[in-house]
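Heavy-atom basis, side chains included; hydrogens, waters and symmetry copies ignored.
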Amino acid sequence: MSLLLNVPPAQVELAKAKGAKWNDIDQSWYLPAEDFDRLVEIDAWIPQQHPCIILPDPVTVLYASGNCWKCDHTNQFIALAAGYFYEKDHNERDELTWMLQDFFAVFEQVTDISDHLQAFLRNKFPFYKYAWSEIAGKYLWLNHCSICQARQEDNQLFDTSNGIFHPTSQTAADLLQLHRFHFKYNPVINADYEIGEHARLINEYSSRIG
């Protein structure tokens, strides 16, 4: 895996000095995975406007079955997940850095997704769409009902008491599936996540496919 970069011609030599490599086949710049300790140095060339999370390979998609709040139709819903990931944040010295987060997480409130992951999601999961969230007051990637097209807000799917992506028991986690998909380049997203018992249950008891 490697991370796609957007390097302007005037900055090619600087990018090369900071670890960027050129792919003749794709005609693109990238940072090899073995050089991810240099993410801070090449941060300015990551194409996404607000990247905060770099997903690993393979990309994990959490599947769940649930009913639409509006028409009660049974749908398949998804959420992005990862067994580990890189996150951009401030360290204890208030310096902006990319940190390896070595734990399982399920992502919600997703506002940005890199282009190649967007294309995959639109083709594979057409019900997962970028739409205005009335509750969050901003655009998010949200699940939609396949029949009535109603938005299924994250606050419902991730509700701490009965949300399908927030299981409170092994029985509930057993109903979920973790599917893995391989990508040539690491996807980048901007999202939130919550560390808790639900994540442990999903990681431990959900079935793994792919």
Inset, instruction - State yes or no: do Phe107 and Ile195 share one hydrophobic cluster built from I, L, V, M, F, W and Y residues joined by side-chain heavy-atom distances below 4.5 Å, directly or via other members? - result: yes
Inset, instruction - Please state whether the rings of Phe158 and Phe165 are parallel, tilted or perpendicular, taking 30° and 60° as the class boundaries. - result: tilted
Inset, instruction - Go through Asn23 and Tyr185 one step at a time and tell me if the side-chain hydrogen bond (donor to acceptor under 3.5 Å, both in side chains) criterion holds. - result: CA-CA 12 Å; Asn23 185 317; Tyr185 295 104; 3.3 Å; yes
Legend entry - Trp98 ring center near Tyr86 ring center (under 6.0 Å): no
Legend entry - Residues which pass side chain to side chain contact (heavy atoms under 4.5 Å, CB included) with Pro32, listed by chain and number, not counting sequence neighbours: Lys21, Tyr30, Glu34, Asp35
Legend entry - Identified salt bridge (Lys or Arg N to Asp or Glu O under 4.0 Å) partner of Asp43 from the options Lys88, Lys18, Arg38: Lys88
Inset, instruction - Flag yes if Leu175 and Leu201 sit in one hydrophobic cluster, no otherwise; membership is Ile, Leu, Val, Met, Phe, Trp, Tyr, and two members link when side-chain heavy atoms are under 4.5 Å apart. - result: no
Legend entry - side chain to side chain contact (heavy atoms under 4.5 Å, CB included) partners of Asp24, counting only residues at least two apart: Trp22, Gln27
Inset, instruction - Please answer whether the main-chain N or O of Tyr139 pairs with a side-chain N or O of Ser133 as donor and acceptor at a distance below 3.5 Å. - result: no
Inset, instruction - Kindly say whether the aromatic ring centers of Phe120 and Phe181 come within a distance under 6.0 Å. - result: yes
Inset, instruction - Flag yes if more than 12 heavy atoms outside Lys124 fall under 6.0 Å of its NZ atom; otherwise flag no. - result: no
Inset, instruction - Could you pull out all residues at least two apart from Cys52 that satisfy side chain to side chain contact (heavy atoms under 4.5 Å, CB included)? - result: Asn190
Legend entry - Heavy-atom donor-acceptor pair, Asp154 side chain to Gln109 backbone, under 3.5 Å: yes
Inset, instruction - Check for a donor-acceptor pair, side chain of Asp159 on one end and backbone N or O of Ser161 on the other, with a separation under 3.5 Å. - result: yes
Legend entry - Ser146 versus Asn75, side-chain donor and acceptor atoms under 3.5 Å: yes
Inset, instruction - Examine distances only and state if a side-chain atom of Gln118 and a backbone atom of Ile113 form a donor-acceptor pair shorter than 3.5 Å. - result: yes
Legend entry - His179 side-chain N/O to Gly210 backbone N/O, donor-acceptor pair under 3.5 Å: no
Legend entry - Shortest non-hydrogen contact between Leu5 and Ala20, atoms and distance: CD1-CB, 3.8 Å
Inset, instruction - Decide if atom CZ of Arg180 counts as having more than 12 heavy atoms of other residues, nucleotides or ligands within a radius under 6.0 Å. - result: no
Legend entry - Qualifying residues under salt bridge (charged side-chain N to carboxylate O under 4.0 Å, His left out), relative to Asp57, sequence neighbours excluded: none
Please output the side-chain donor-acceptor pairs of residues 59-71 that fall under 3.5 Å, not counting sequence neighbours, one pair per line with the distance.
| from | atom 1 | to | atom 2 | distance (Å) |
| --- | --- | --- | --- | --- |
| Asn67 | OD1 | Thr74 | OG1 | 2.8 |
| Trp69 | NE1 | Arg151 | O | 2.8 |

Inset, instruction - Tell me whether Phe36 is reachable from Phe103 by hopping between hydrophobic residues (I, L, V, M, F, W, Y) whose side-chain heavy atoms are closer than 4.5 Å. - result: no
Legend entry - For His198, ring-ring contact (aromatic ring centres under 6.0 Å, His included) partners two or more places apart: His166
Legend entry - ILVMFWY network linking Trp141 to Leu80, side-chain heavy atoms under 4.5 angstrom: yes
Legend entry - Any side-chain heavy-atom pair of Leu178 and Phe104 under 4.5 Å: yes
